Amino acid sequence: MENQTNLLQQRRFKLAELKRLGYDPYPRRFGYSHTLGQIRKAFEAASAAELEEKKEAVRVCGRIMSMRPQGKAGFIDIADGEHRLQIYVRRDKVGPENFELFRLFDIGDIIGAEGPIFRTRTGELTVAAACVHHLSKNLLPLPEKWHGLTDIETRLRRRYVDLIVNPDVRAVFVKRNRIIKEIRNFLDERDYLEVETPVLQTIAGGALARPFATHHNALDINLYLRIALELYLKRLIVGGIPKVYELGRIFRNEGISAQHNPEFTMLEFYQAYSDYRDLMDVTQEMITRIAEKATGGRRVKYRDHVLDFDSWRRMTLKEAVLQFWPDPGTKPEESGLADVETLRSLARSVHAPFEMSDGPGKICASLFETVAEDRLIQPTFIYDYPAETSPLSKTKSGDPDTVERFELYIAGMEIANAYSELNDPAEQEARFEAQLAARDRGDEEAHAMDEDYIRALGYGMPPTAGEGIGIDRLTMVLTDSPSIRDVILFPLLRPEDPTA
RNA sequence: GGGCCGUUAGCUCAAUUGGCAGAGCAACUGACUCUUAAUCAGUAGGUUGAAGGUUCGAUUCCUUCACGGCUCACCA
């Protein structure tokens, strides 16, 4: 702590020196001629002789990343987070007064420089400073230049420092932005209308999850932060908007892990006159295009795997259970996956969790998660889910226990979830009643009754299919990121210990 | 929430069985006008995450707590 105080004092002293010498320590603006990227683009190809002939003067600015002083001269590297550029400062070029200013510079300071572009003997593109400017002071020293900042906790808590010293971090978030832009392009081209629906809701519906609770003072009502976008978007389908989407933050009061952050970004899109099979085709086209645009190809490295977006698979949930069954000796017949007793003994044999109150559908879903989910590395649609776990989905014709629903798995993670939307208000009401019964039995994540949503269906909703895509997880897959924290700039952490 | 692991200088890391807390970079002073992990000489920097305990002596062993990582549970 003492040392940090010393470092701080030294830098504060230099700040005072700037003032004493008549400089504004925090000037208001700096007019630059080029960004560092523009410098690279404009001059990277030019030879030393060409640059020498043109002597093109530039004004550039950025943060000092390293300094190599040499008595009456010195080199500094500045960076803007993406590009670096070397500045060469000579006392006989900038003059004694400006050279004194240069000598007050610290690594981490924000500075400007003006002068002609040239190449050093070693070929490095460099600004030969005619004058340097101090733009902002670094009081807290940056991490060292070799190992940088690696401590995960510090990187997340001080993401600004992480971004300064770890260029890969910025690249991830640039790619995340490209993914989101490409989603909008894809949907906008196809005439989906982007909308915004309430984050604050009196009933947190559309998914099975525990919500965050809050309170509105003037109305004196309890509210929840939304756990899904679904029910409002389907109200808009009722309202006659046949293709609609929202890209927004949702909030779930659940555990935190490498795949879960309490707030995360979801795309949900709905289209009338379609069913879940139509959405599989749309999804395959959309995800393949995004992968290609964001990564430059259809084969994408993810950890130890190469994901191939040219070979998608489709299989039912039951087929997946059978295909990935670990022990040939106990491998069940497909018919056995409908009988509760058989399912219970199968679940015990592979240590799949279940409750005695669970029906066959729920146990079958548990079997899937235990034996198949991790193995679904290549893009795979798993379809036909048990009705028990899907209160908003339409059942398959002739099979009331199965719903028209699929999930997309990539790299062992659930990336998307879609279904043919239940649009029969009477059946929807009955499904909500069944969820209320589950809630009474202690299931905190069971869906709440939403009378207004039933009423909306009462006005008539066309046959509709809808889908949610987890943007954070999709970004993980396309940026080779092992943790969701790598693709969220400021993931939720406990507050720092104030006594530390 | 459970289990395991971690926390030492601003950053990255050492420290023998429990026996003087150290290095590199950053910083400070000096030298150095084409360096790029610049170089050379010197200096300073520590309540070892916090609080207790055992001990002649604790970075090291024990207990509790804080924060983080991995993992399981839950979920997307």
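In this text, all values refer to a predicted model and were calculated from it rather than measured experimentally.
Contacts of A:F118 with the nucleic acid, taken as non-hydrogen atoms under 4.0 Å apart, include base atoms. Counting non-hydrogen atoms under 4.0 angstrom, A:R210 reaches nothing in the nucleic acid. Backbone-only engagement by A:R485 is indicated by non-hydrogen atom pairs under 4.0 Å involving sugar-phosphate atoms exclusively. Residue contacts shown for A:E414 are limited to sugar-phosphate atoms, with no base heavy atom under 4.0 Å away. Within the nucleic acid shown, A:N261 comes within 4.0 Å of at least one base atom, counting heavy atoms only. Residue A:G468 is classed as having no contact, given no heavy-atom separation below 4.0 Å to the nucleic acid. At a threshold of 4.0 angstrom between heavy atoms, the contacts of A:D151 are confined to the sugar-phosphate backbone, with no base atom among them. Residue A:Q259 is in base contact, counting any heavy-atom pair closer than 4.0 Å across all strands shown. Within the 4.0 angstrom heavy-atom criterion, only backbone atoms of the sugar-phosphate kind lie near A:L208; the bases stay farther away. At the heavy-atom level, A:I415 lies nowhere under 4.0 Å from the strands shown.
Proximity of A:R90 to the phosphate of B:U33: no side-chain N or O atom is located under 4.0 Å from OP1 or OP2. The side chain of A:T120 contributes no N or O atom lying less than 4.0 Å from OP1 or OP2 of B:U35. Distances shown here put a side-chain N or O of A:Q70 below 4.0 Å from the OP1 or OP2 atom of B:C34. Distances shorter than 4.0 Å separate some side-chain N or O of A:R494 from OP1 or OP2 on B:G68. Dashed line: the shortest gap from a side-chain N or O of A:K145 to OP1 or OP2 of B:C11 is not under 4.0 Å. A:R157 has a side-chain polar atom (N or O) that falls below the 4.0 Å cut-off from OP1 or OP2 of B:G68.
Atom name P, nucleotides B:G30 and B:U7: the rounded distance is 39 Å, in whole Å. Nucleotides B:C40 and B:U35 are separated by 15 Å at their P atoms, to the nearest Å. Of the C1' atoms belonging to B:G10 and B:U16, the separation is 29 Å, rounded to the nearest Å. Between B:U8 and B:U48, the distance separating the two C1' atoms is 4 Å to the nearest Å. Here the separation of B:A21 from B:U63, taken at their C1' atoms, is 25 Å to the nearest Å. Distance check on atom C1': B:G2 versus B:A44 gives 47 Å, rounded to whole Å. Comparing B:U59 with B:C20, their C1' atoms sit 14 Å apart, to the nearest whole Å. Comparing B:A38 with B:C28, their P atoms sit 16 Å apart, to the nearest whole Å.
Between A:L104 atom CG and B:C28 atom P the separation is 10 Å, expressed in whole Å. Rounded to whole angstrom, the span from the CZ atom of A:F102 across to the P atom of B:U33 amounts to 13 Å. Residue A:R155 contributes atom CZ, which lies 13 Å from atom C1' of B:G69 at whole-angstrom precision. Between A:I76 atom CD1 and B:U33 atom P the separation is 17 Å, expressed in whole Å. Atom C1' of nucleotide B:U29 and atom CZ of A:R103 are separated by 11 Å, given to the nearest angstrom. Between the CD atom of A:E254 and the P atom of B:G1 there is a distance of 14 Å, given to the nearest Å. Whole-Å rounding puts the A:E153 CD to B:A66 C1' distance at 10 Å. Per the geometry, CG belonging to A:L493 stands 11 Å off P belonging to B:C67, to the nearest Å.
Nucleotide B:C28 has B:G42 as its partner under the Watson-Crick or G-U criteria, with both atom distances under 3.5 Å. Across all strands shown, B:U12 is found opposite B:A23 as a Watson-Crick or G-U wobble partner, with both distances under 3.5 Å. Across the strands present, B:U63 finds its partner in B:A51; the criterion is a Watson-Crick or G-U wobble pair with both atom distances under 3.5 angstrom. Searching all strands for a Watson-Crick or G-U wobble partner of B:G1 with both distances below 3.5 Å returns B:C72.
A perpendicular orientation is assigned to the rings of A:F368 and A:Y409, their planes being inclined by more than 60° (bins at 30° and 60°).
Lacking a ring centre under 5.5 Å from that of the base six-membered ring together with a plane angle below 30°, A:F75 does not count as stacked on B:A38.
With a 4.5 Å cut-off on side-chain heavy atoms, A:M67 and A:F75 do not count as touching. With contacts defined as side-chain heavy-atom distances shorter than 4.5 Å, the pair A:R84/A:S66 qualifies. Residues A:M65 and A:I164 are in side-chain contact: their nearest non-hydrogen atoms beyond the backbone lie under 4.5 Å apart.
Side-chain atoms of A:E404 and A:Y419 form no donor-acceptor pair, as typed in the model, at a separation below 3.5 Å. At a cut-off of 3.5 Å, with distance as the only test, a side-chain donor of A:E268 or A:Y270 sits close to an acceptor on the other residue. A:N138 and A:R11 form a side-chain donor-acceptor contact under 3.5 Å, judged by distance and modelled atom types alone.
Under 3.5 Å, the side chain of A:E144 and the base of B:G24 form at least one donor-acceptor pair of N or O atoms.
Nearest nucleotide to the side chain of A:L149, out of B:G69, B:U12, B:A76: B:U12. Minimum atom distance to the side chain of A:I484 is reached by B:A76, of the listed B:A76, B:U35, B:U33. The side chain of A:P141 sits closest to B:A26 out of B:U33, B:A76, B:A26.
Between A:P482 and A:E263, the residue anchored nearer the 5' end of RNA chain B, judged by the nucleotide with its closest heavy atom, is A:P482. Each of A:I107 and A:R473 has a nearest nucleotide on RNA chain B; the 5'-most of these lies closest to A:I107.
With values rounded to the nearest 0.5 angstrom, A:H305 atom NE2 is found 13.0 Å from A:I410 atom CD1.
Residues A:H447 and A:F432 place their aromatic rings such that the two centres sit under 6.0 Å apart.
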